[in-house]
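For reference, the structure discussed in these notes is given below.
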Amino acid sequence: MDLRLWIFLAFKVLGASSEVRQFFLKQASGQDCQTLQLGESWISQSPITCQRECMSRYSENCQSVVYNSQTGNCTPGSIAFGPIFYVTTSIPETGPSETLYYMRQPIPPCNTSNNFSLYDVCGTSGCLYLSTSEANYTDARTICSQMNSRLFVGNTMAKFSLFWYTSKTYMKVTTYIGLGDNDVEGKYVWENGEPLSSEQYQYVWFHRQPDNYLGDQDCAIAQHANWPTRFGLDDAFCYQGFHYVCERCEGC
Ligand SMILES: *[C@@H]1O[C@H](CO)[C@@H](O)[C@H](O)[C@H]1NC(C)=O
Ligand SMILES: *[C@@H]1O[C@H](CO)[C@@H](O)[C@H](O)[C@H]1NC(C)=O
Ligand SMILES: *[C@@H]1O[C@H](CO)[C@@H](O)[C@H](O)[C@H]1NC(C)=O
């Protein structure tokens, strides 16, 4: 499916802010950008009401919908850079009257000093620094912080995909992401303090990981150097030096 259809939607954010964000609906083939079903389908009047309802039910985790123009069936989804072989909740192949739309997320401003730049995959963008040398986890965190940023927080499926895509495509080396269980063994927490959700737990780890090898592996890595075709994180010793990804964020 090469046909590309862009619909621009002005979307007023609820709450105190009167900021107007733009979302784009894009028809996509879903090859590299895999959809992950977020829940049961419902009936909607149009692709746009389907998308609005998905946003109100799943907020930022809603990043795609499959809409059936004959039945009005609306299936909510997230988006992930794939393929993720072992995830069983992928939305099945679409039929002739079903269309997959994915929603472009707002593009953040990017202060490009310290070699930060804007990266984009599957409609999600981030202002990132891809390290050119190795550091242990604590040093990597400090270096990011000194550049007014933090170790990458992949707290939605789409953001995790952005990390996976950039580190796999541009770095091709073993890379830290901002996720660890230093405080309480087994309780993984993102660098912004948010716990790893149980939904995310199911797909961000490679199978049988994290295994807390030798009882001392508390920091998450992508093993692109050793296993370039593997999808999913491993846990590693935090004192080991690896590459890392920093992201700009508000208030960093
Ligand atoms: C961009 O970042 C640099 C270094 O972190 C900072 O010195 C500068 O003031 C920032 N520029 C803007 C426009 O925020
Ligand atoms: C930014 O890139 C330049 C040129 O490649 C390099 O000399 C410099 O060390 C880089 N700075 C950082 C903070 O990585
Ligand atoms: C990280 O490396 C620094 C040296 O760059 C060292 O001082 C520090 O102890 C190391 N931290 C850990 C937790 O290994």
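The first residue in the sequence is number 1, and the count goes up from there.
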(message) We want to know whether S46 and T49 form a side-chain donor-acceptor pair, criterion being a heavy-atom distance below 3.5 angstrom.
(response) yes
(request) Could you verify whether a donor N or O on one side chain and an acceptor N or O on the other, from N136 and Q240, lie under 3.5 Å apart? (result) no
(request) If a pair satisfies salt bridge (Lys or Arg N to Asp or Glu O under 4.0 Å) and one of its residues is in residues 35-51, list it, with sequence neighbours excluded. (result) none
(message) Among W164, W205, Y165, which residue satisfies the ring-ring contact (aromatic ring centres under 6.0 Å, His included) criterion with F231?
(response) W164
Can you tell me how far apart [atom1] ([X]) and [atom2] ([Y]) are? Round to the nearest 0.5 Å.
{"X": "C122", "Y": "M157", "atom1": "SG", "atom2": "CE", "value": "13.5 Å"}
{"X": "N111", "Y": "S117", "atom1": "CG", "atom2": "OG", "value": "11.5 Å"}
{"X": "N182", "Y": "C219", "atom1": "CG", "atom2": "SG", "value": "5.0 Å"}
{"X": "S167", "Y": "H243", "atom1": "OG", "atom2": "NE2", "value": "11.5 Å"}
{"X": "E185", "Y": "D218", "atom1": "CD", "atom2": "CG", "value": "5.5 Å"}
{"X": "F206", "Y": "L233", "atom1": "CZ", "atom2": "CG", "value": "11.5 Å"}

(message) A cation-pi test, strictly: NZ or CZ of R57 under 6.0 Å from the centre of the six-membered ring of W42 and no more than 45 degrees from its axis. Yes or no?
(response) yes
(message) Can you confirm whether N226 is buried at CG, in the sense that more than 12 heavy atoms of other residues, nucleotides or ligands lie under 6.0 Å from that atom?
(response) yes
(message) Please determine whether the number of non-hydrogen atoms from other residues, nucleotides or ligands lying under 6.0 Å from atom OH of Y213 exceeds 12.
(response) no
Would you say [X] and [Y] make side-chain contact, with heavy atoms under 4.5 Å?
{"X": "E247", "Y": "K159", "value": "yes"}
{"X": "Y67", "Y": "T99", "value": "no"}
{"X": "Q146", "Y": "N114", "value": "no"}
{"X": "R150", "Y": "C249", "value": "yes"}

(message) Looking at C252 and C144, are the sulfur gammas closer than 2.5 Å to each other?
(response) no
(message) Could you check whether the SG atoms of C50 and C74 sit less than 2.5 Å apart, since that is the cutoff I want to apply?
(response) yes
(message) The test is side-chain contact (heavy atoms from CB on, under 4.5 Å); show your working for I48 and E53 and say whether it passes.
(response) CA-CA 9 Å; I48 290 173; E53 188 123 12; over 6 Å; no
(message) Could you go through Y170 and L130, starting from their C-alpha distance and side-chain angles, then the distance that decides it, and tell me whether this counts as side-chain contact (heavy atoms from CB on, under 4.5 Å)?
(response) CA-CA 8 Å; Y170 300 104; L130 314 184; 3.7 Å; yes
(request) Under the side chain to side chain contact (heavy atoms under 4.5 Å, CB included) rule, collect the residues that match up with T71, sequence neighbours excluded. (result) N68, N73
(request) Report the residues that fulfil side chain to side chain contact (heavy atoms under 4.5 Å, CB included) with S133, sequence neighbours left out, ordered by chain and then residue number. (result) none
(message) Working note: Q223 + D234, criterion side-chain hydrogen bond (donor to acceptor under 3.5 Å, both in side chains); need CA distance, chi angles, decisive distance, verdict.
(response) CA-CA 7 Å; Q223 292 253 33; D234 276 340; 2.9 Å; yes
Under the rule for salt bridge (Lys or Arg N to Asp or Glu O under 4.0 Å), what residues qualify as partners of [X], not counting sequence neighbours?
{"X": "D120", "result": "R104"}
{"X": "D235", "result": "none"}
{"X": "R141", "result": "E191"}

Counting distance only, does the side-chain N/O of [X] pair as donor-acceptor with the main-chain N or O of [Y] below 3.5 Å?
{"X": "S64", "Y": "S78", "answer": "yes"}
{"X": "K172", "Y": "A225", "answer": "no"}
{"X": "D181", "Y": "Y188", "answer": "no"}

(request) For side-chain contact (heavy atoms from CB on, under 4.5 Å), just list the numbers for D216 and Y239, CA-CA rounded to whole Å, side-chain angles, deciding distance to a tenth of an Å, and then say yes or no. (result) CA-CA 10 Å; D216 194 25; Y239 56 77; 4.1 Å; yes
Search all heavy atoms of [X] against all heavy atoms of [Y] and return the closest pair with its distance.
{"X": "P76", "Y": "S41", "answer": "CD-CA, 4.4 Å"}
{"X": "L100", "Y": "V66", "answer": "CD1-CG2, 3.8 Å"}
{"X": "L118", "Y": "P108", "answer": "CD1-O, 3.9 Å"}
{"X": "Q51", "Y": "C62", "answer": "O-SG, 4.5 Å"}

Taking transitive links into account, so neighbours of neighbours count too, which hydrophobic residues share a cluster with [X] at under 4.5 Å side-chain distance?
{"X": "I43", "value": "none"}
{"X": "Y129", "value": "F116, Y137, I143, M147, L151, Y176, I221, F242, Y244"}
{"X": "V189", "value": "none"}

(request) Only counting residues at least two apart or in another chain, list the ones meeting side-chain hydrogen bond (donor to acceptor under 3.5 Å, both in side chains) with T132. (result) none
(request) Identify, with sequence neighbours excluded, every residue that meets side-chain hydrogen bond (donor to acceptor under 3.5 Å, both in side chains) alongside N148. (result) none
(message) Parallel, tilted or perpendicular, judged at 30° and 60°: which one describes the rings of F152 and F163?
(response) tilted
(request) Please assess V173 against H224 for the test side-chain contact (heavy atoms from CB on, under 4.5 Å), listing each intermediate value before the final yes or no. (result) CA-CA 5 Å; V173 289; H224 299 306; 5.9 Å; no
(request) Output every pair passing disulfide (SG to SG under 2.5 Å) with a member in residues 155-210, not counting sequence neighbours, ordered by first then second residue. (result) none
